[in-house]
Number of protein chains: 2
Amino acid sequence: MKTYGQYCALARGLDLVGDRWTLLIVRELLSLGECRYVDLQRGLPGIATNLLAGRLRDMENANLVRRANLPRPANAVVFSLTDRGAALEGVVREFIKWGAPLMSSPMPQESFRAHWLLLPLRALCRDNNPTAQRQVVRVGTVDDGCDIIVDAGLIRVAPSGSDERPDTVVAADPGSLVALFAGTMPIDAAASAQLITGDVDAVRRVVGGISVAAGETTP
Amino acid sequence: MKTYGQYCALARGLDLVGDRWTLLIVRELLSLGECRYVDLQRGLPGIATNLLAGRLRDMENANLVRRANLPRPANAVVFSLTDRGAALEGVVREFIKWGAPLMSSPMPQESFRAHWLLLPLRALCRDNNPTAQRQVVRVGTVDDGCDIIVDAGLIRVAPSGSDERPDTVVAADPGSLVALFAGTMPIDAAASAQLITGDVDAVRRVVGGISVAAGETTP
DNA sequence: CTGGATCCGGGAAGATACTG
DNA sequence: CAGTATCTTCCCGGATCCAG
């Protein structure tokens, strides 16, 4: 990006991450951790491959992204954020908070990946039943989704993988997923619509943290 | 801006404010409040006038900016942020925090406006002497700067204007201003270098809040 | 004088094909 | 798998011009 030429923290920050796609690449790396080139392509539908390659090079030069060559398979590469890149989490979080009101419903033609919910879920989920046993709620699928691991009052949200056996799987259209975790759609309605497979109470345990925190707790 | 076409809060947010110059226009309006077209031009050195006009129109359509026609002088207009636009303050604050380490020293040719310090100063300044009388420290000039009004433990930072009589004026090169309020340059050094006019203790009162807050207080 | 609109050149973004 | 090469399109930047 051409520099703004302004001695200002905001302008200098935008000089580094103000380019188109850059913050979305940061979102992918914050959500997924280390990932391969094709993982980034899957998580960034619409990006041109030359643009992705160019941005990764720029971000590497700016010390935001680290590139590591794997021994096997041959020519394999993993990308990850440096500490400086990971420090953008606050920026991304505020952006997501600001953008949340724009999420009322998906547009036709709009793409969706369940792991895009990972960062929002970290803000939205709570343990409403801290004395219960450890539970895992999967949002999406094992190939693309988030695992909400709730245990003793603590929440961890990780990209879904085969290392967790979910007690519950929430698989729904994008609009319903967002509505469910935003508290707009009642959990009962989601259950009736067959969007929840497994232990529905595990969903109740983690959903609606923000509003519930100010009100009563679910037993 | 072309939409990313992603049903994601970050992507949808960037659809609205990801365009070049947009967040810098928000910075100006957050810092100055209502302002005229020429004020924006002065605060955004380097922007082309057609681009500024276009962005303002886009932001008006996105409900981020409000345009009001003044009765006098003729054709005069004031721009200001809507509530939705002002809600970007959190994003801008995080960006400034992230960009702060990039501010070590100004590049030659880089432009500077003292009122760009307004948002950072809100985070940096504290009242280290809450029992003292009300004091005003001006950073920059009456035409372009910030007035730090400190009174009974409360800090207010406003764009400088003729309605305040500063007890102290800090007028220095950009690098020294940043270093002084970031705590890198000792206040004594700034005073010796004739950068501070008036009551130096008023500067001591407001500077270095973050580090001082964890340490001892200045009497 | 304020608040733009118009025109144009260069460069970044986007789409697609191809390769070690 | 991880890009490069190439082409097209469109946005940005700079200058100038214009209406109220």
Asks: Phosphate oxygens OP1/OP2 of C/dG3: is one of them under 4.0 Å from a side-chain N or O of B/Arg36?
Replies: yes

Asks: Hey, which sits more toward the 5' end of DNA chain D by its nearest nucleotide, B/Met1 or A/Leu56?
Replies: A/Leu56

Asks: Can you tell me the distance, in whole Å, between the CG atom of A/Asn75 and the C1' atom of D/dT4?
Replies: 14 Å

Asks: Output the rounded distance in Å from CZ (B/Arg42) to P (C/dC1).
Replies: 13 Å

Asks: For A/Leu40 and D/dG3, what is the distance between atoms CG and C1' respectively, to the nearest whole Å?
Replies: 13 Å

Asks: Using modelled atom types and a 3.5 Å cut-off, is there a donor and acceptor pairing between side-chain atoms of A/Arg138 and backbone atoms of A/Gly145?
Replies: no

Asks: Between D/dA15 atom P and B/Gln41 atom CD, what is the distance in whole Å?
Replies: 14 Å

Asks: Counting side-chain heavy atoms from C-beta on, which of D/dA2, D/dG3, C/dT2 comes nearest to B/Val38?
Replies: C/dT2

Asks: Side chains of B/Thr22 and B/Asp19: do they bring a donor and an acceptor to under 3.5 Å?
Replies: no

Asks: Determine whether the side chains of A/Arg36 and A/Gln41 contain a donor N or O and an acceptor N or O closer than 3.5 Å.
Replies: no

Asks: Using a cut-off of under 3.5 Å, enumerate the N/O to N/O pairs linking the protein to nucleotides 13-15 of chain C.
Replies:
residue, atom, partner, partner atom, Å
C/dA13, OP1, A/Asp19, OD1, 3.3
C/dA13, OP1, A/Arg55, NH2, 2.4
C/dA13, OP2, A/Arg55, NH1, 3.3
C/dA13, OP2, A/Arg55, NH2, 2.9
C/dG14, OP1, A/Arg20, NE, 2.4
C/dG14, OP1, A/Arg20, NH2, 2.9
C/dG14, OP2, A/Trp21, NE1, 2.6
C/dA15, N6, A/Asn50, ND2, 2.6

Asks: I need the CG-C1' distance between A/Asp58 and D/dG3, as an integer number of Å.
Replies: 15 Å

Asks: Using the C1' atoms of the five pairs at each end, what is the angle between the end axes of the helix from C/dC1-D/dG20 to C/dG20-D/dC1, to 10°?
Replies: 40°

Asks: Would you please say whether a donor-acceptor pair under 3.5 Å links the side chains of B/Thr3 and B/Asp15?
Replies: yes

Asks: Send over the distance from B/Ile25 CD1 to C/dG4 P, rounded to a whole Å.
Replies: 12 Å

Asks: Rounded to whole Å, please give me the gap between CZ in B/Arg57 and C1' in D/dC11.
Replies: 14 Å

Asks: Looking only at atom types and distance, does a side-chain atom of B/Arg84 sit under 3.5 Å from a main-chain N or O of B/Leu81, one as donor and one as acceptor?
Replies: no

Asks: Atom CZ of A/Phe79 to atom C1' of D/dA2: distance rounded to whole Å?
Replies: 8 Å

Asks: Is the terminal nitrogen or CZ of A/Arg20 (NZ for Lys, CZ for Arg) located under 6.0 angstrom from the six-membered ring centre of B/Tyr4 and within 45° of that ring's axis?
Replies: yes

Asks: Flag the pair A/Arg12 and B/Glu110 as a salt bridge only when some basic side-chain nitrogen lies within less than 4.0 angstrom of an acidic carboxylate oxygen.
Replies: yes

Asks: Does the Lys NZ or Arg CZ of B/Arg93 fall within the cation-pi geometry relative to B/Trp98 - under 6.0 Å from the ring centre and within 45° of the axis?
Replies: no

Asks: Can you tell me how far the CG atom of B/Leu180 sits from the CD1 atom of B/Ile196, to the nearest 0.5 Å?
Replies: 5.5 Å

